[in-house]
2 protein chains.
Amino acid sequence: MEKEKTQEKRQPKYSRKSPSERREILVQAALNCIVRDGPHKLSIRQIAQEAGVSVGLINHHYTSKEELVADAYRHIAASLMDDFGQRIKMEGGTAQEQLLRFIQLSFSPVNLDPKLFRAWLAFWTMMQHSEEVSAVHAEQYDSYRSRLEHLFQEIIEAGTPLRMSPRLAALGLSGLLDGLWLEWSLDPTNFTEEEGIEICRNWLEMIKK
Amino acid sequence: MEKEKTQEKRQPKYSRKSPSERREILVQAALNCIVRDGPHKLSIRQIAQEAGVSVGLINHHYTSKEELVADAYRHIAASLMDDFGQRIKMEGGTAQEQLLRFIQLSFSPVNLDPKLFRAWLAFWTMMQHSEEVSAVHAEQYDSYRSRLEHLFQEIIEAGTPLRMSPRLAALGLSGLLDGLWLEWSLDPTNFTEEEGIEICRNWLEMIKK
DNA sequence: TTTCTTGTTGAACAGTTGTACAGCAAGAGA
DNA sequence: TCTCTTGCTGTACAACTGTTCAACAAGAAA
């Protein structure tokens with residue numbers, strides 16, 4: 001009896017974290033859940049279990065489930081873009097080479113992952129009825145596309161005229177990348193990664209005047 | 001009292017339909033619900049209310065909600081493709097002209113509709129955990145892409161060589177169309193219909209050798 | 001008119017959901 | 001050691017989910 005009480009005292013049932021630490025843990029747990037089970041199984045209780053905390057904690061740190069998901073969206077989208085950005089800039093090269101590397105990365109297992117698609121499905125669904133999530137999307141997508149646009153601008157400035165404006169070239173490539181990513185995610189047997197890269201590589205070649 | 005009873009007799013509470021008629025009504029109601037409220041509000045009770053029937057009826061005609069949704073998916077996807085097909089063939093013309101018309105139709109209000117996107121979001125979500133819905137997708141997407149592929153094949157046979165195989169050309173165009181449709185649906189302020197058409201029209205021009 | 005088939009009802013069931021909140025307890029500061 | 005702040009727990013709640021099924025009744029057939 002005495003012994004048990006002592007053990008309990010020495011092994012706290014839980015450890016207190018600072019709000020930012022706890023939010024980080026909750027965001028990671030939410031991402032794990034979305035990625036594992038998809039949007040329709042995403043519940044406060046699932047997330048709480050994944051994070052190893054009680055149900056109540058989530059509404060202590062976030063006013064609603066949507067707020068947490070929006071935070072998770074921002075987190076994964078930004079870290080993916082950062083990852084892409086770093087890998088591309090690390091190896092340097094011309095704008096043309098960087099775009100090619102961007103395409104190759106888009107068709108690498110990091111990005112071509114059914115789990116990742118499930119996460120985006122959840123975000124798109126929540127965008128339909130959450131201003132918060134919509135704002136995060138607009139913010140992330142803008143940065144994504146302006147990055148592409150800037151690279152096409154560089155190509156033109158380097159002396160290679162294009163058949164269309166950098167804006168349309170970027171819109172086209174992002175559409176192509178997203179569309180092929182979508183179709184591959186819905187059914188990976190549709191085409192291979194190599195075919196995907198081949199199609200996008202052609203876009204890069206063909207838009208040169 | 002006597003009068004009331006007579007009225008009740010003459011105005012039945014409901015009318016009995018043949019299974020096929022009722023299924024048609026249920027499918028339409030399900031589509032209305034998906035399109036109006038999106039995937040996360042799609043429930044048996046909502047569909048039943050929309051169809052003006054009781055909750056129990058749905059499980060009388062379908063063994064599960066998923067079966068009904070799969071039926072609804074097949075219905076809307078097939079009718080959209082039929083609509084496209086008819087409009088394209090009606091005006092005839094070369095394969096090149098038909099493809100251009102396909103692109104224009106893709107960026108017309110019929111297809112560029114946030115409501116339609118909500119429906120597809122629901123289907124994609126259900127594909128993640130329903131063999132039934134997945135099968136319908138595979139079936140519909142195959143017919144969609146093979147239609148495009150066939151038109152590119154015609155172009156080649158008409159004497160215009162392409163920079164890539166009909167398969168890759170079709171994959172590319174469908175990726176482009178789907179990707180731009182996706183991005184427009186997520187945020188219609190991204191680009192205009194004209195810009196979308198312009199991008200796809202360029203694909204048609206550029207792939208010629 | 002009566003019978004009979006079967007499409008239809010609506011309550012009941014056993015779950016699930018997000019959120020609120022009274023109270024517990026971790027662990028820093030005194 | 002004790003106090004006190006506040007991160008955290010877990011129950012309670014009201015509303016919802018898909019599915020089942022005994023009972024009802026529409027309307028064709030006899």
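To find a chain, count down the sequence lines: A is the first, B the second, and so on, and within it residues start at 1. Please read all numbers here as calculations on a predicted model, not as lab measurements.
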Practice task
Please evaluate the base of dT6(C) for a donor-acceptor partner in the side chain of R16(B) within a cut-off of under 3.5 Å?
Solution key: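 Yes, a donor-acceptor pair under 3.5 Å.
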
Problem - Within residues 25-34 of chain A: residues closer than 4.0 Å to DNA chain D (heavy atoms) - result: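 Heavy-atom cutoff 4.0 Å gives no residues at all.
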
Using residues 104-117 of chain B as the side-chain source, report each donor-acceptor pair under 3.5 Å to any protein atom, sequence neighbours left out, with the distance given to one decimal.
| from | atom 1 | to | atom 2 | distance (Å) |
| --- | --- | --- | --- | --- |
| S106(B) | OG | F102(B) | O | 2.9 |
| S108(B) | OG | L105(B) | O | 2.7 |
| N111(B) | ND2 | S106(B) | O | 3.1 |
| D113(B) | OD1 | K115(B) | N | 2.9 |

Handout entry: Interatomic distance, N190(B) atom CG to L171(A) atom CG [nearest 0.5 angstrom]
Key =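 It comes to 7.5 Å.
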
Handout entry: Given dG27(C), dC24(C), dT8(C), the nucleotide with the shortest approach to the side chain of Y14(A)
Key =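 The answer is dC24(C).
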
Practice task
Select one nucleotide: of dA26(C), dG27(D), dG7(D), the one nearest the side-chain heavy atoms of P12(A).
Solution key: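 Of the options given, the side chain of P12(A) lies nearest dA26(C).
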
Handout entry: Set of residues satisfying ring-ring contact (aromatic ring centres under 6.0 Å, His included) with respect to H137(A), sequence neighbours excluded
Key =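 H137(A): ring-ring contact (aromatic ring centres under 6.0 Å, His included) contacts with Y141(A).
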
Handout entry: Counterpart residues, ring-ring contact (aromatic ring centres under 6.0 Å, His included), relative to F123(A) (two or more places apart)
Key =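 Only Y73(A), W120(A) meet the ring-ring contact (aromatic ring centres under 6.0 Å, His included) criterion with F123(A).
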
Practice task
Can you establish whether the number of heavy atoms outside E205(A) located under 6.0 Å from its atom CD is more than 12?
Solution key: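 Atom CD in E205(A) is packed in, count exceeds 12.
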
Practice task
State whether the number of non-hydrogen atoms from other residues, nucleotides or ligands found under 6.0 Å of H150(A) atom NE2 is greater than 12.
Solution key: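 For H150(A), atom NE2 is not crowded (no more than 12 foreign heavy atoms under 6.0 Å).
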
Exercise for the section: Would you mind classifying the nucleic acid contact of S15(A) as base, sugar-phosphate or nothing, using non-hydrogen atoms under 4.0 angstrom? Expected result: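 Sugar-phosphate contact only.
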
Problem - Check: Q98(A) side chain, G93(A) main-chain N or O, donor-acceptor pair, under 3.5 Å - result: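 Indeed, once roles are kept as given, a pair shorter than 3.5 Å links the two residues.
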
Please give, in whole Å, the distance from [N] [atom2] to [X] [atom1]?
X	N	atom1	atom2	value
I58(B)	dC21(D)	CD1	P	18 Å
R23(A)	dG7(D)	CZ	P	11 Å
E21(A)	dC8(D)	CD	C1'	15 Å
K13(A)	dG27(C)	NZ	P	14 Å
Y62(B)	dG7(C)	OH	P	14 Å
Q49(B)	dT9(C)	CD	P	13 Å

Practice task
Would you indicate, yes or no, if dT8(C) has its OP1 or OP2 atom less than 4.0 angstrom from a side-chain nitrogen or oxygen of H60(B)?
Solution key: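 Checking H60(B) against dT8(C): no side-chain N or O falls below 4.0 Å of OP1 or OP2.
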
Could you give the side-chain donor-acceptor pairs of residues 38-54 of chain B under 3.5 Å, partners two or more places apart or in another chain?
| from | atom 1 | to | atom 2 | distance (Å) |
| --- | --- | --- | --- | --- |
| S43(B) | OG | Q46(B) | N | 3.2 |
| E50(B) | OE1 | R36(B) | NH2 | 2.3 |
| E50(B) | OE2 | N32(B) | ND2 | 3.2 |

Fill in the blank from the handout: With sugar-phosphate taken as primed atoms, P, OP1 and OP2 and all else as base, the protein-contact string of nucleotides 11-21 of chain C at under 4.0 Å (heavy atoms; B, S, -) is BB----BBB--

Practice task
Please lay out, stage by stage, how Y62(A) and V27(A) fare under the test side-chain contact (heavy atoms from CB on, under 4.5 Å).
Solution key: CA-CA 11 Å; Y62(A) 293 94; V27(A) 160; 3.6 Å; yes

